[in-house]
Amino acid sequence: MFAALSEKHEHKKVLPDLEGAENGVVMRFAPNPSGPLHIGHARAAALNDAYIKQYGGRYILRIEDTDPKRIDPEAYEMVVEDLRWLGLAITDTVTQSDRLHLYYVLCTQLIEKGGAYVCTCDNEVFKELKNKKTACPCREQSVETNLVLWDKMLTHGFKEGEASVRIKTDLLHPDPAMRDFPAFRILDAPAHPKVIAHVYPLMNFSVVADDHLLGVTHVIRGKDHIANTRRQRYIYDHFGWKVPVYRHYGRMGIEGVVLSTSQMRMGINDKTYTGWDDIRLGTLRALARRGISPEAVKNAMLAIGIGDTDISFSWDNLYAENKKIVDPTANRYFFVPDPVTAQIEGAEPHTAHALLHPSDAARGTRTLEFTGTVLLPKSEVSPEVTMLRLKDLFNVKISWNGDTPTFTYAGDSLADARAAKAHIVQWLPAQATVGCTIKTQEGDMSGACEPAVRSELGKVIQFERVGFVKIDAVSDSGVIAYYTHK
RNA sequence: GCUGCUAUAGUGUAGUCCGGCCAAUCAUGCGGGCCUUUCACGCCCGCGACUGGGGUUCGAAUCCCCAUAGCAGCACCA
């Protein structure tokens, strides 16, 4: 009964039903290994994942590396790492460069069926004919001729650009993008990191081949693939294969971070960025470094859903999701930005015990030894301020002689501080601090924090009154933290 | 230009297929309050939208037409 009540608060986002998914689904995430995954990828990855969890089935990671020019050899590993971080239920992994022989066999079959032909026209010439809805001479070749030419392609009888395989579609189709699109091309010096080949499939062919071979039932991807879906249908029809169910979601605009792989790589090379996880980038590893949890990313993506409207991604919404996850677990500590030293007159030494978490006393406390001098945030100490409450310690009166403050002990009563509307501020014992720099997308914030923060390496904590941060590095010279969000 | 898709508050989203229960849901954001030894969390209150114009209908966010805006594709990229 109580469980039912608490589940009501979960607000589980329900995605629209998928047609024909009742008996389970086979879906795939198919990135190009050109760099690490970014937030845009996370949408496709998370949406597919959610449906597979909803209906049951298999989740195939398919690395689409059929364009040697767009491969970063390190990306194979990065993609897998990023998906592992996201926590997806991947059941199978295939790499297209391992499967070229399968595509070749299917191409031969398609030529035999009369569904494809080898075109030796100049690319520009073909384009002109296509725009005039006119067949190129190669289209009328016999199956036998096509098979001979196809064999010639595979045996290096052509150079790059001299021949390609085209799918027979409808030359009168109103959309020129549909007319006899290419399925295989020749690359002379591809320098592919995983395979030696001369003939490479184009995306539309290899995708159909693999979706069919792997039994993919449902495809969710961006609407930039709508035209590809229509093209791919021609291949399905030639083979007589069953077409998967498609959903195409709209474009997602993301502001504030760099997403373009080439731009990121350039910036890393010229030291503008520290690496793929530089927090100014939109990669998943950058989010991870900042303390965004994978669950928050997934939840934010599911909340966006599969609508075909173009949307703008909201960092606020992602931060809200993350805070729900991080707030209950993050320990609290003091960080004093831009510290000023304050010697407190008239106060006895005192040990303060501050809760590690305000709503979970069982977690314990940290101890701060007051011996006379403290560090305070400079922004809290200005001539119009005459009283402060040092959190978990006592009240301090400030008297001003011009610009020079004098700090005097003013009692332990919290009620007094409230009555005086004094700010309750974080502080540090001057004799027990470590230097701390908080890195934000806008720049660094330096100050000092409790020495105990050093035990939170790799964790997200909350600096009280400052915000959530992830402890990135701990050394003799101090602590480096990354700002997560408020 | 051609082909196609879309249009609900600052942002995301539900409702649109099968018109009335929608003076429009939920989240986030913002404003105010309560709680509180954090400007966090929690709780309460409030703000804020059906792109525009026609039409059909007793009745339209929902159906039709036009306009406008945005987006995608028109590669031997994925």
Side-chain angles (χ1 to χ4, degrees), chain A residues 11 13-14 16 30-34 63-71 96 119 121-123 126-127 130-131 160-166 173-179 181-187 199-204 206-207 221-231 248-253 255 299-305 307-321 323-324 326-328 330 332-335 352 354-355 357-360 389-395 412-415 417-418 422-426 462-468 485-486:
Chain A
H11 289 300
K13 168 73 186 176
V14 181
N32 179 258
S34 56
I63 310 279
E64 304 210 331
D65 59 345
T66 54
D67 182 6
K69 286 189 281 298
R70 305 210 335 172
I71 295 174
Q96 288 191 318
C119 176
C121 296
D122 178 78
N123 197 25
F126 181 87
K127 193 184 281 182
K130 177 185 76 175
N131 288 338
E160 185 165 333
E162 287 180 350
S164 62
V165 176
R166 292 189 172 277
H173 196 288
D175 185 350
M178 294 303 122
R179 301 173 198 155
F181 61 87
F184 284 85
R185 41 71 189 270
I186 291 169
L187 296 175
V199 175
Y200 286 88
L202 273 316
M203 172 265 194
N204 281 307
S206 48
V207 162
R221 55 184 179 181
K223 75 180 190 183
D224 46 322
H225 285 293
I226 285 179
N228 288 323
T229 298
R230 278 197 278 270
R231 287 198 270 220
H248 297 97
Y249 55 76
R251 192 190 135 96
M252 182 166 76
E255 290 185 352
N299 289 344
M301 293 305 157
L302 297 191
I304 288 168
D308 30 25
T309 312
D310 301 327
I311 57 144
S312 41
F313 173 80
S314 161
W315 290 99
D316 273 343
N317 290 349
L318 174 62
Y319 294 158
E321 293 290 351
K323 203 185 276 185
K324 282 178 203 158
V326 129
D327 184 80
R332 269 59 172 173
Y333 292 96
F334 287 154
F335 165 83
L355 289 170
H357 196 286
S359 44
D360 185 8
R389 167 80 180 182
L390 307 193
K391 187 168 183 286
D392 302 304
L393 192 63
F394 48 58
N395 305 332
D412 295 338
S413 164
L414 180 61
R418 288 223 192 276
H423 284 180
I424 299 171
V425 303
Q426 74 275 34
Q462 190 205 44
F463 280 140
E464 298 193 47
R465 309 209 317 142
V466 175
F468 292 90
H485 46 64
K486 196 150 178 30

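Each chain gets a letter, A, B and so on, in the order its sequence line appears, and its residues count up from 1.
- For the pair A/K223 NZ and B/G70 P, the interatomic distance rounds to 13 Å; values are reported in whole Å.
- Between A/D122 and A/K127 no salt bridge is recorded (no basic side-chain N to carboxylate O distance below 4.0 Å).
- Position along RNA chain B of the nearest nucleotide to A/K324 versus A/D224 favours A/K324 as the more 5'-ward residue.
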Item to complete: Kindly express the pairing pattern of RNA chain B in dot-bracket notation, using | wherever a base pairs with another strand and counting only Watson-Crick or G-U pairs under 3.5 Å.
Response: (((((((..(((.......[.....)))((((((.......))))))...(((((..]....))))))))))))....

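- In this structure, A/R70 contributes its side chain and A/P68 its backbone to no donor-acceptor pair below 3.5 Å.
- Distance from the side chain of A/D310 is smallest for B/G70 among the nucleotides B/C39, B/U28, B/G70.
- Taking only side-chain nitrogens and oxygens, A/R251 comes nearer than 4.0 Å to OP1 or OP2 of B/A72.
- Under 3.5 Å, the side chain of A/Q462 and the base of B/U38 form at least one donor-acceptor pair of N or O atoms.
- Atom-to-atom distance recorded for A/I71:CD1 and A/N32:CG is 7.0 Å, nearest 0.5 angstrom.
- The CG atom of A/L302 sits 12 Å away from the P atom of B/A14 (whole-angstrom rounding).
- Of the candidate nucleotides B/A40, B/A78, B/U8, B/A40 has the atom nearest to the side chain of A/F468.
- Listed nucleotides: B/A72, B/C39, B/U13. Nearest to the side chain of A/R465: B/C39.
- Nucleic acid contact for A/H173: none, since no nucleic acid atom lies under 4.0 Å from a heavy atom of the residue.
- Nucleotides B/U62 and B/C50, compared at atom C1', are 10 Å apart to the nearest Å.
- Of all heavy-atom pairs between A/I424 and A/R418, the closest is CD1-NH1, 3.8 Å.
- The distance between atom CG of A/N204 and atom P of B/A78, rounded to the nearest whole Å, is 8 Å.
- Under a cut-off of 6.0 angstrom, the local environment of NE2 in A/H423 is sparse, with at most 12 non-hydrogen atoms contributed by other residues, nucleotides or ligands.
- With hydrogens and angles disregarded, a donor-acceptor distance shorter than 3.5 Å links the side chain of A/R231 to the backbone of A/A177.
- If you check B/A40, B/U8, B/A27 against the side chain of A/D327, the one that comes closest is B/A40.
- Across all strands shown, A/P31 has no heavy atoms under 4.0 Å from either base or sugar-phosphate atoms.
- With A/N317 contributing its side chain and A/A300 its backbone, the two residues share no donor-acceptor pair below 3.5 Å.
- Using a 4.0 Å heavy-atom criterion, one finds that A/N317 contacts the bases of the nucleic acid, with or without backbone contacts as well.
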Are there any protein N/O atoms within less than 3.5 Å of an N/O atom in nucleotides 34-37 of chain B, and if so, which ones and at what distance?
{"residue": "B/U37", "atom": "O2'", "partner": "A/K391", "partner atom": "NZ", "Å": "3.2"}
{"residue": "B/U37", "atom": "O2", "partner": "A/D392", "partner atom": "N", "Å": "2.4"}
{"residue": "B/U37", "atom": "N3", "partner": "A/R389", "partner atom": "NH2", "Å": "2.8"}
{"residue": "B/U37", "atom": "N3", "partner": "A/D392", "partner atom": "N", "Å": "3.1"}
{"residue": "B/U37", "atom": "O4", "partner": "A/R389", "partner atom": "NH2", "Å": "2.9"}

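- In this structure the side chain of A/L318 reaches within 4.5 angstrom of the side chain of A/F313, judged on heavy atoms.
- Spacing between atom CE of A/M178 and atom C1' of B/G4 amounts to 9 Å, rounded to whole angstrom units.
- Separating the OH atom of A/Y319 from the P atom of B/C30 is a distance of 13 Å, rounded to the nearest angstrom.
- With rounding to whole Å, A/E255 atom CD is found 16 Å from B/G10 atom P.
- Spacing between atom NE2 of A/H423 and atom C1' of B/A40 amounts to 16 Å, rounded to whole angstrom units.
- Between the NZ atom of A/K323 and the P atom of B/U38 there is a distance of 15 Å, given to the nearest Å.
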Between the protein and nucleotides 75-77 of chain B, are there any N/O to N/O pairs under 3.5 Å, and if so, what are the atom names and distances?
{"residue": "B/C76", "atom": "OP2", "partner": "A/N123", "partner atom": "OD1", "Å": "3.1"}
{"residue": "B/C76", "atom": "N4", "partner": "A/G161", "partner atom": "O", "Å": "2.7"}
{"residue": "B/C77", "atom": "OP1", "partner": "A/R185", "partner atom": "NH1", "Å": "2.7"}
{"residue": "B/C77", "atom": "OP2", "partner": "A/R185", "partner atom": "NE", "Å": "3.3"}
{"residue": "B/C77", "atom": "OP2", "partner": "A/R185", "partner atom": "NH1", "Å": "2.3"}
{"residue": "B/C77", "atom": "OP2", "partner": "A/R185", "partner atom": "NH2", "Å": "3.2"}
{"residue": "B/C77", "atom": "O2'", "partner": "A/D67", "partner atom": "OD2", "Å": "2.8"}
{"residue": "B/C77", "atom": "O2'", "partner": "A/R70", "partner atom": "NE", "Å": "3.3"}
{"residue": "B/C77", "atom": "O2", "partner": "A/R70", "partner atom": "NH1", "Å": "2.7"}

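- One finds a side-chain N or O of A/S312 lying less than 4.0 angstrom from the OP1 or OP2 phosphate oxygen of B/G12.
- Using modelled atom types, one side-chain atom of A/R179 and one backbone atom of A/K130 make a donor-acceptor pair closer than 3.5 Å.
- With hydrogens and angles disregarded, a donor-acceptor distance shorter than 3.5 Å links the side chain of A/R389 to the backbone of A/D412.
- Going from the P atom of B/A27 to that of B/A67 covers 40 Å, rounded to whole Å.
- Here A/R179 lies out of heavy-atom contact (under 4.0 Å) with every strand.
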